[in-house]
Each structure stands twice: as C-alpha cells, then as structure tokens.
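Notes follow the structure.
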2 protein chains.
Amino acid sequence: MAGVKDVARLAGVSVATVSRVLNDSAAVTGETRARVLEAVAELGYRPNAVARSLRTDTTRTIGLVIGDILNPFFTELARAVEDEARRSGYSVVIGNADERPERQDHYVRTLLEQRVDGLLLCPTAEITPLVRDVVRDGAPLVFLDRTLPGLDVPTVRADGAEAIGALVAHLRGLGRRRVAFISGPALLSTGRERTEAFRAAMRANGLEVPEEYLVAGDFRAGSGRETAARLLDLPRPPEVIFAGDNLMALGALDEIRARGLRIPADVGLASYDDVPWFAHLEPPVTAIEQPVQELGRRAVRALLDRVERRPVEPAVLAARLVVRRSCGEAPENRGDGEGSGRA
Amino acid sequence: MAGVKDVARLAGVSVATVSRVLNDSAAVTGETRARVLEAVAELGYRPNAVARSLRTDTTRTIGLVIGDILNPFFTELARAVEDEARRSGYSVVIGNADERPERQDHYVRTLLEQRVDGLLLCPTAEITPLVRDVVRDGAPLVFLDRTLPGLDVPTVRADGAEAIGALVAHLRGLGRRRVAFISGPALLSTGRERTEAFRAAMRANGLEVPEEYLVAGDFRAGSGRETAARLLDLPRPPEVIFAGDNLMALGALDEIRARGLRIPADVGLASYDDVPWFAHLEPPVTAIEQPVQELGRRAVRALLDRVERRPVEPAVLAARLVVRRSCGEAPENRGDGEGSGRA
DNA sequence: TTGTAAGCGTTATCAT
DNA sequence: ATGATAACGCTTACAA
C-alpha cells in the first residue's frame, strides 16, 4: 500500500511537504499543494492513522461502553453520542458490557490499549479494581447515565425524581393508590435513585408502599416478568405496576397479557424510559422519558472538554412524564399516543 | 505512561524479553517470566496497541458499517457480529451510515485509515466510487445483508423468497386475496429482491397485483406511514398491507390506527423483519423473521476467512414466516405471540 | 517555502 | 534463553 514516501516521490517533493499538505499545517505553495494532491489521488493513497496516532499520541477516537446493546435506551444513547462526536471530528468505538462487570472491564482495557482519547462509561454494578486504577491514573473518563459513588469522575445523567413525583401524583389523581415498583439492581446508581425517588414520591402523596410492593429486577425483560408475576399473585395485588426501565416493563406486560388481564382495567402499567413502540401498544404506555439526545451530546462535550483540557461541566438533566393511556387515563386522550406537553 | 522500556528496566531484562513474555512468542524462563509479569503489574503497564499495530500491520479489529442504527434489525445484527468477533479475539468498530451513501463512505474511509483488518459492509444504495476503489484494491471486504451487483465481493445475506411465498399462501388460505406491498428502495438489493419475491409469490398463488398495490418506501417509518395512507385512500383498498421492513410496518401501523381502522378486521398487516415488540402489539404482528444471529456469525467467519487467507464461504440463509394474528388468523392462536414452528 | 532526520512504542531479526 | 537494534509510517523540530 502506498505511503507518504510514494506520494512524495511521485509529486517530486519531500515527505515533510506531503504531510504538511495533508494536515494543512504550514504554508505550502498552491502549486506544490496541487501536485501533492494529484499524486495522492493518483495513488489512491490512504493515510495510515495508526502511524499518525503513534506519532501524535492522539487517535481522534473516543470509547463508549454501554450497559446492554439490546436495550433501546442504550442504542439511542449510542447514536446520540456518535452524532455529536462526529460533529467534532471524532470516531466512536462502542463496547457492549452486557451488564457484566468482566465484560465491561474487557472493553475498558481494550479501548485504553487502543489509546482512545477519552472514555465514556456507563458503569455496570460496583467499582471494579480496573476502574479504580483507571480513575487513579487520571485517564480522561466521564460517566454516562450511571455513576459510581466515591469516585471523582464527572457524570452526565438524567434525574428522574421530579418526573417520578409527577407520575405518582398523576396516578393518585386517577384514583390509583396501590402502586408497586419493579426496581433496577441496587448496585446501579440508576436502580437506587429511582427506588428512592419512588419512595419519596409516594410518601409525599400520602400513599403507602407495603414492602411486598417493592420488588427488585435487573434491568432485563426476564426479571420484569418474574417480579410482575409475584406482584400479581399477591393477595392484594397493586393497581399499577411501575417498571424501573423499559425492558422490565416489557416483561411485566408479557406476564399481564399471559394472565389474560386487561390494561388498564385490571392493572395499570407505567415505565421508566420511553421507547418508540410504547406509543404503539394498545393501550399506549404512560412512561418517563429521558432526554437521551441531550444526554449523549452533553457527555461528548464533557469528555472532549476534559480531553482538550477545558473546564468540564457535569450535567444532570431532567426526565419528563409522558402521559398516555395505560394507567386508566381518560380515553379521550387519544391520537398519536404522545402525551401533552411534548415539545 | 509506562512502556516496555520501563518494564524492562524494572524487571532487569531487555525490552525484547518483555515483548516475548507479553506475546508468549518464544521460550522464556519461568523465573524471568515471573519477574516481567510482576513489573507489568507493579507499573500498571498497558501495552500500546497503536505501536503494536504499526509494527505488526494488524489491528485485531474489524469494521462494521450498518444501514441505520435506529433500525432494530441492524442493532441485533451488530450485536451478533460483536459476539462472534469477540470469540475470535477481534474488536468491532461500528459505523452508522444512516442510509446515506456519503456517510457510509465516511466510515469506510475512516475505518480503512484506521487499518481495520477487515470490513463488513451493509451497502447503502448504489456503488460509490470509493467502494469500487476499495474492491479493486482487494481490501478484505464482505457484504452483509445487502449486496451490490457486479462486484466480486462475498456476501452473507438472508433470502426471503420462500418465506414470502409461505406468507402469501397463508394469506390466501385466510381468504385475503388483495394484498399490497410497501417495498424498500429499488436501489437496495434487499428492496428489489423482496419486491420480486412478492410478485412471484402472488403469481404462483394465482393472485393479481394491481400496480397501485405496489408502493415504494425507503426503509424508514415515515415512508411506511405515507404509503399506507395512499393504499388506504384507494377506491378499492387492500385487505392486507405487507411492509418490506419493520420500520415501514411501524409507520403503516400508525396510519391504520390514526384512521381508527382495526387490525385485522378492517385491514391486515404483515411485515418483513421480525422485532421483539411485534409479539407484544395487539394484535401480535405476523412477520418474516430473518436469522439475524446466524447472519452475524457467518459474516464474521467469512470475513476472518478472507483476512486469514482461508477459502471464504458466502452464505444465503433462509428467512422464516412467523404466524401471529394481524392478518385475520384464527383467534385461538394465542399465547405468547410466537407462531408455531418456532424452534 | 521546502528538506533532512529524529523519534513515537512496539516486534522481530540476528547475534550471543 | 536473552540482548541489541532496525524497522513500521508518520509528524515535527531544525536547518537551509
């Protein structure tokens, strides 16, 4: 494969000049410039980014380790990250942790060895020794969506407390007072926070949360189904099941359907996370929407701020309640399934 | 950051020995080996993959350029590719073409410059000059899902002809003879093939396809909705709308719902591509399932065969009809929404 | 404005 | 079994 040398020879200049043209780094005559470009085209020269990176110690690449690539929340997030990164001239390498710490570490390690300029991490579960090391070494790291306690790392995430409060108030307004929550793993910050917010919201609305209404899932569909079964088997089952993420909502939906129960007549369903097809279910599912695009954008900016040594701004964005019809809302709220108040 | 030199110094050996230990490439005493490993741990040494790649001319990385990251078909595919690649010790860098040729080319170029060992491409639309060059240069390339005519590149894809035949026969058995097809872009091999297969299947079943029943979309939801509207406005609208991919099916579904029509009573709906939530809609959608996992696996194997200079096997896998209830099937076919015949 | 040459962190060849 | 050193393809002082 052709290299700078070949281009230089063909254009009758030195390799330095070729490099200068390719990076328009220093003044080059229009004429030589043209000759070089011509040679480049002629040879179909493709710069070797590996060699360039070795020399410049920068790859123009950022790593993104997501929790679970089958979770639409993360794929949307990945897309947002990708878009923003490209705008700044960076490529994104995605690693799928599959919610497994060892796989997360595999990618963190690999990406670091590949010398990504920065790393966006949606941490899986607790702090691993590797992550601790990486943080200590001061690698350019930003946490996304989730955070880890006691680690001094900027985090970009959404806060659902307000939206969860709005949801509970909404449910009470609908006359549904017995609501159960399928929480995410207590090991995940997002899991804990949503549970806390739910408890607080119920309290603020003067509603009880019997212990058996608080069940723990793992952010996968299977656990949503199992925990929903437990809830529905209760002597006094809840009037609404609120799932801590979209995959568990899906599982709960399966269980409800399998029992021949009707939504919202027999039981209501609400979900943290909004995904495109919630609007297309019958009835459309009332959900809490995270500002995924903005999350991705902010995360990239925060990371690039670190990389390029600017002051970095962590961000906490607000999630938003999207009212549809799965909790016994007035049926006149029809149409495309979008709640009012949507931008 | 620590390099081989530092490790060598600390372990009291030469850099060559360090390298040998790290790659267990040649015989090394157990004792020196231990010392080196200790030094590695002590320093938190992370090999520089960039330098290694420059030297070895291999990155243990493959590129994957998909059509649209918001399309669940492609995210599932990406995951399958990722899994198989990891099994062989390769990382995957994903590029999202967003169905735009220039963006596809952007990634093809970038990935080639990053010196990926091989490239999996789901080509967007027609042959671009870049792609032609790349093929001419003999870069290790495999087409996935889609193919391009007249280019000598191994392709791994699914063939839906048989499944489409089964679908049409199934519809006729249900007494639905007027079926319309929302095709994908004629520029895409997958678009053309499905249309051809549909025509052939209708003919084989003795059914007519009036020209106005064959409308063209672009594999995005918006076009599904618009074309469905055109079909439903027809003086004699179809009894079943068959969408050429899952996103267009979603669009069609929106339009049907917005008009207050009922599925399958007023109009039936079927889709090419099966996605998890089709089973959760009311009614569950009859669809054609592509062997996504297998597609991903085979593509990686084919690519690595090329990379490692083994004979490469292209593959054409069969898609499969999954009968649910959106086309007027007997309501006793209930349950989890999975059609019979599922493995 | 252009050229010469050093050096980025590895691996691999050739000695020892 | 181990060490010294050239080379990978590029960028960037420094010189001219």
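In this text, all values refer to a predicted model and were calculated from it rather than measured experimentally. Numbers restart at 1 for each chain; the letters A, B, ... are given by sequence-line order, proteins then strands.
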Show each protein N/O and nucleotides 3-5 of chain C N/O combination with a separation under 3.5 Å, one pair to a line.
| residue | atom | partner | partner atom | Å |
| --- | --- | --- | --- | --- |
| C:dG3 | OP2 | A:Ser14 | N | 2.8 |
| C:dG3 | OP2 | A:Ser14 | OG | 3.1 |
| C:dG3 | OP2 | A:Thr17 | OG1 | 2.8 |
| C:dG3 | N7 | A:Arg20 | NH2 | 2.6 |
| C:dG3 | O6 | A:Arg20 | NH1 | 3.1 |

Would you call B:Glu84-B:Arg87 a salt bridge at under 4.0 Å N-O?
-> yes
Could you tell me whether B:Arg79 and A:Asp98 make a salt bridge, using a distance below 4.0 angstrom between a side-chain N and a carboxylate O?
-> yes
Is the closest basic N to carboxylate O distance between B:Arg146 and B:Glu99 below 4.0 Å?
-> yes
If you fit an axis to the five pairs at each end of the helix from C:dT1-D:dA16 to C:dT16-D:dA1, how big is the angle between those two axes, to 10 degrees?
-> 40°
Could you tell me whether A:Glu313 and A:Arg301 have a side-chain N and a carboxylate O separated by less than 4.0 Å?
-> no
Lys/Arg N to Asp/Glu carboxylate O, B:Glu113 vs B:Arg109, below 4.0 Å | no
Contacting residues from residues 22-37 of chain A, given that a heavy atom lies under 4.0 angstrom of DNA chain C = A:Ala27, A:Val28, A:Thr29, A:Thr32
Pairs meeting criterion side-chain hydrogen bond (donor to acceptor under 3.5 Å, both in side chains) with involvement of residues 37-51 of chain A, two or more places apart | A:Arg46-B:Asp137
Side-chain contact, heavy-atom cut-off 4.5 Å: B:Arg9 with B:Asp6?
-> yes
Whole angstrom is fine here: how far is it from CZ in B:Arg9 over to P in C:dT10?
-> 13 Å
For A:Thr155 against A:Pro314, the heavy-atom pair lying closest together | O-CB, 3.5 Å
Quickly work out the A:Lys5 NZ to D:dT11 P distance and round it to whole Å.
-> 14 Å
Name each donor-acceptor pair under 3.5 Å that joins a side chain in residues 59-70 of chain B to protein atoms two or more places apart or in another chain, with its distance.
| residue | atom | partner | partner atom | Å |
| --- | --- | --- | --- | --- |
| B:Thr59 | OG1 | B:Arg115 | O | 2.9 |
| B:Thr59 | OG1 | B:Asp117 | OD1 | 3.3 |
| B:Arg60 | NH1 | B:Ser88 | O | 3.2 |
| B:Thr61 | OG1 | B:Thr59 | O | 3.1 |
| B:Asp68 | OD1 | B:Leu70 | N | 2.9 |

DNA chain D contacts among residues 45-60 of chain B, heavy-atom distance under 4.0 Å = B:Leu54, B:Arg55
Short side-chain to backbone donor-acceptor contact, B:Arg35 and B:Ala11, under 3.5 Å | yes
Working to the nearest 0.5 Å, report the span between CD of A:Gln290 and CZ of A:Phe73.
-> 4.0 Å
Side-chain donor or acceptor of B:Thr17 paired with backbone N/O of B:Val13 under 3.5 Å = no
Any sub-3.5 Å donor-acceptor pair from B:Ser19's side-chain atoms to B:Val15's backbone N or O?
-> no
Please give, in whole Å, the distance from C:dC8 P to B:Met1 CE?
-> 16 Å
